[in-house]
Amino acid sequence: MKKSIIILSVIAAWFFLAVSMTSCCGVRRVEVPDAHDVVMYQINPRVFAANNSLQAVTQRLDSISDLGVNVLWFMPLYEIGQVKTVNSPYCIKDYKSLNPEFGTFTDFDKLVREAHRRGMSVIIDWVANHTSWDSEWIQKHPEWYTQDSLGVIISPAGTGWNDVADLNFDNMEMRQEMIESMKYWVLEHGVDGFRCDAADFVPFDFWKQAVDELRALPDCNLLLLAEGRRKDHFDAGFDMNYAWGYLSALRRVFRRGASVSALVQADSSEYAGVDPDKVKLRFISNHDESVRRSAVEEFGGERGAMAAFIATTFIRGGMLIYDSQEVGYVGGIDFFKYVPVDWCANSAYLEEYKSVVKFYNDHPAVRRGHQVIYPHDDVLMFERVWEDDHVLVLVNLRDKEIEVTIPDDGTRYFLKPYEYILETK
């Protein structure tokens with residue numbers, strides 16, 4: 001029996017998958033990966049450069065591709081409103097514009113072409129719930145916005161998002177203009193889908209309408225991710241939504257010493273009643289989380305953060321990496337302003353990430369296989385089998401040495417603090 005074992009190891013080689021090209025209304029693009037096979041990399045342009053960051057991202061595409069990524073998700077790239085502004089990229093002035101801080105449409109179109117050439121799909125943030133206060137929509141169509149009893153346009157209720165104005169989804173004209181704006185990015189700029197912000201705030205029937213129209217575009221295979229936990233996002237046609245419940249369970253394990261069984265329970269609960277074709281996006285950090293502190297800070301250092309990452313993404317798939325995570329960035333990243341990241345600061349950690357993601361990509365059992373859980377209070381242990389691919393995963397989620405035994409064959413393992421083992425049989 002031949003085994004391949006990774007124990008905190010470094011594998012430099014990466015196997016590039018061939019990608020098929022399709023044409024959507026004359027725009028060349030890659031075939032987007034199945035939701036189960038997504039390795040998504042979130043791009044916050046404000047960690048790449050203070051200005052012209054689209055060019056800076058383009059220069060780093062080889063490095064991102066080498067990480068094993070097949071989907072790039074860009075945070076909002078649109079022009080930011082200036083009335084009541086806090087400089088949030090989620091304050092959209094014009095859905096068909098590009099923030100000059102980031103570059104030009106020529107820069108963006110080149111970036112998309114170069115990403116596609118490397119086999120990576122490109123999705124962009126779509127902020128459907130609200131616009132800026134100086135949006136042209138608010139001037140021409142005040143009826144497109146939620147108003148109080150005095151007819152005054154309001155911010156989204158109960159959010160504290162005072163820099164934006166709440167859209168009224170009872171207005172059919174607004175809905176259609178929103179959908180046409182989404183189509184614009186697909187047809188004119190070649191994007192491969194959307195990550196839809198604050199999706200739980202937006203009515204189901206709008207998402208169903210929007211997704212149906214987007215799916216009807218000829219020869220366009222799109223990846224659609226909802227930032228929310230409502231299960232009806234899948235009924236609306238989204239491929240993926242957020243695994244907030246799993247992150248909450250992970251924090252209980254790390255912060256409160258909860259049993260690792262909490263992760264198994266969260267995983268099962270999130271997928272209960274979900275179509276097998278749909279996937280929950282799993283993550284240990286993103287732009288919202290990193291504002292407060294980095295994954296390295298939250299999960300007990302580099303070793304704890306890596307253990308948390310594997311425990312989160314290997315149990316069912318749906319992998320997200322937030323830019324800066326792969327180099328073990330320490331400190332919060334405020335996405336309202338430029339925060340430089342030194343991409344060369346931690347080459348050993350980056351190589352370990354490459355190794356882990358390569359194992360993930362090379363073994364479909366991790367993402368699709370039948371799962372057998374071996375219960376343990378401190379170590380996440382499971383096997384996954386898909387056809388002739390058989391994978392064993394062990395992750396010590398405690399800052400202490402632990403001995404475990406696999407019940408099926410009696411094999412014993414001695415795991416150092418936060419150590420993991422990825423083994424194929």
Side-chain angles (χ1 to χ4, degrees), residues 24 31-42 70-74 121-129 167 169 175 178-179 182-183 185-186 191-217 220-250 263-284 286 288-289 312-321 360 364-371 384 386:
C24 173
E31 188 73 16
V32 302
D34 183 272
H36 289 278
D37 299 324
V38 163
V39 177
M40 188 176 295
Y41 188 84
Q42 180 184 356
N70 54 26
V71 177
L72 305 178
W73 151 32
F74 282 83
S121 299
V122 176
I123 69 172
I124 61 174
D125 236 311
W126 193 261
V127 187
N129 186 64
L167 285 165
F169 282 88
R175 287 182 177 222
M178 173 84 66
I179 294 168
M182 297 178 82
K183 291 178 182 178
W185 285 91
V186 175
V191 304
D192 304 296
F194 300 94
R195 177 267 190 190
C196 294
D197 179 67
D200 286 348
F201 289 64
V202 176
F204 164 83
D205 60 341
F206 170 75
W207 288 131
K208 184 69 169 65
Q209 177 187 357
V211 171
D212 285 351
E213 291 199 32
L214 290 169
R215 298 285 192 205
L217 293 173
C220 288
N221 183 19
L222 302 178
L223 180 68
L224 301 176
L225 163 65
E227 189 225 0
R229 65 176 79 207
R230 283 183 2 214
K231 290 186 177 179
D232 68 4
H233 296 318
F234 296 129
D235 297 328
F238 283 96
D239 303 293
M240 308 176 75
N241 75 358
Y242 269 48
W244 291 115
Y246 195 91
L247 180 61
S248 296
L250 186 71
L263 298 179
V264 178
Q265 293 165 5
D267 174 65
S268 178
S269 175
E270 286 190 327
Y271 274 92
V274 172
D275 188 292
D277 292 335
K278 307 299 183 179
V279 174
K280 306 288 290 189
L281 185 70
R282 294 269 166 84
F283 50 89
I284 61 170
N286 57 42
D288 286 319
E289 304 305 322
T312 296
T313 56
F314 275 63
I315 193 170
R316 187 84 73 149
M319 179 181 285
L320 173 68
I321 302 169
Y360 179 93
V366 174
R367 310 182 303 277
R368 301 168 182 273
H370 169 71
Q371 186 178 79
R384 301 202 74 174
W386 176 259

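Values below: every heavy atom of this structure, side chains too, minus hydrogens, waters and symmetry copies. For this chain, numbers begin at 1 and follow the sequence in order.
Between the side chain of Gln371 and the backbone N or O of Ile315, at least one donor-acceptor pair lies under 3.5 Å. Side-chain atoms of Arg215 come within 3.5 Å of backbone atoms of Leu222 as a donor-acceptor pair (strictly under, hydrogens ignored).
Taking 4.5 Å as the limit, every side-chain heavy atom of Met40 sits out of range of all side-chain heavy atoms of Ile321. Counting only heavy atoms from C-beta outward, the side chains of Val39 and Tyr41 never approach each other to under 4.5 Å. Side-chain contact check for Thr312 versus Leu250: some heavy-atom pair is nearer than 4.5 Å. Residues Phe238 and Phe194 fail the side-chain proximity criterion, which asks for heavy atoms closer than 4.5 Å. By the 4.5 Å heavy-atom criterion applied to side chains, Arg368 and Asp34 are counted as neighbours. At a threshold of 4.5 Å between non-hydrogen side-chain atoms, the residues Arg367 and Pro364 count as touching. The side-chain heavy atoms of Asp267 and Val264, taken from C-beta on, include no pair separated by under 4.5 Å. Glu289 places none of its side-chain heavy atoms less than 4.5 Å from the side chain of Ile284.
Remark: Lys208 pairs with Asp212 by the salt bridge (charged side-chain N to carboxylate O under 4.0 Å, His left out) rule, at least two apart or across chains. Partners of Asp232 according to the salt bridge (charged side-chain N to carboxylate O under 4.0 Å, His left out) rule, which considers only residues two or more places apart in sequence or in another chain, are Arg230. Under the rule for a side chain to side chain contact (heavy atoms under 4.5 Å, CB included), the partners of Arg195 that lie at least two apart in sequence or sit in another chain are Trp73, Tyr90, Ile123, Asp125, Asp197, Leu225, Glu227, Tyr242, His287. Taking the side chain to side chain contact (heavy atoms under 4.5 Å, CB included) definition, one finds that Ala35 meets it with Asp239, Met240, Val279, sequence neighbours left out. Taking Glu213 as the reference, Gln176, Ile179, Glu180, Lys183, Gln209 meet the side chain to side chain contact (heavy atoms under 4.5 Å, CB included) condition, with sequence neighbours excluded. Every residue two or more places apart in sequence or in another chain that forms a side chain to side chain contact (heavy atoms under 4.5 Å, CB included) with Ala243 is listed here: Tyr246, Glu270, Lys280, Arg282. With sequence neighbours excluded, the residues that form a salt bridge (charged side-chain N to carboxylate O under 4.0 Å, His left out) with Arg175 are Asp205. Every residue two or more places apart in sequence or in another chain was checked for a side chain to side chain donor-acceptor pair (under 3.5 Å) with Asp235, and none qualifies. Residues passing the ring-ring contact (aromatic ring centres under 6.0 Å, His included) test with Tyr271, sequence neighbours excluded: none. Partners of Phe169 by ring-ring contact (aromatic ring centres under 6.0 Å, His included), not counting sequence neighbours, listed by chain and number: Phe206.
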Steps toward side chain to side chain donor-acceptor pair (under 3.5 Å) verdict (His233, Asp200): CA-CA 8 Å; His233 296 318; Asp200 286 348; 2.6 Å; yes

Derivation of the side chain to side chain contact (heavy atoms under 4.5 Å, CB included) call for Arg384 and Phe314: CA-CA 10 Å; Arg384 301 202 74 174; Phe314 275 63; over 6 Å; no

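The shortest heavy-atom contact between Asp275 and Asp277 is OD1-N, 2.7 Å. Of all heavy-atom pairs spanning Cys220 and Val186, the tightest one is SG-CG1, 4.0 Å. The two residues Ala249 and Leu263 make their nearest non-hydrogen contact at C-CD2, 3.8 Å. For Tyr360 against Thr313, the heavy-atom pair with the smallest separation is CE1-O, 3.5 Å. Gly369 and Trp386 make their closest contact through CA-CB, 3.9 Å (heavy atoms, listed as atom of the first residue, atom of the second, distance).
Going from atom SG of Cys196 over to atom CG of Asn129 covers 11.5 Å, rounded to the nearest 0.5 Å. The CD atom of Gln42 sits 9.5 Å away from the CZ atom of Phe283 when rounded to the nearest 0.5 Å. The distance from the OG atom of Ser121 to the CG atom of Leu72 is 8.5 Å, given to the nearest 0.5 Å.
For Trp207 and Phe234, the distance between ring centers is not under 6.0 angstrom.
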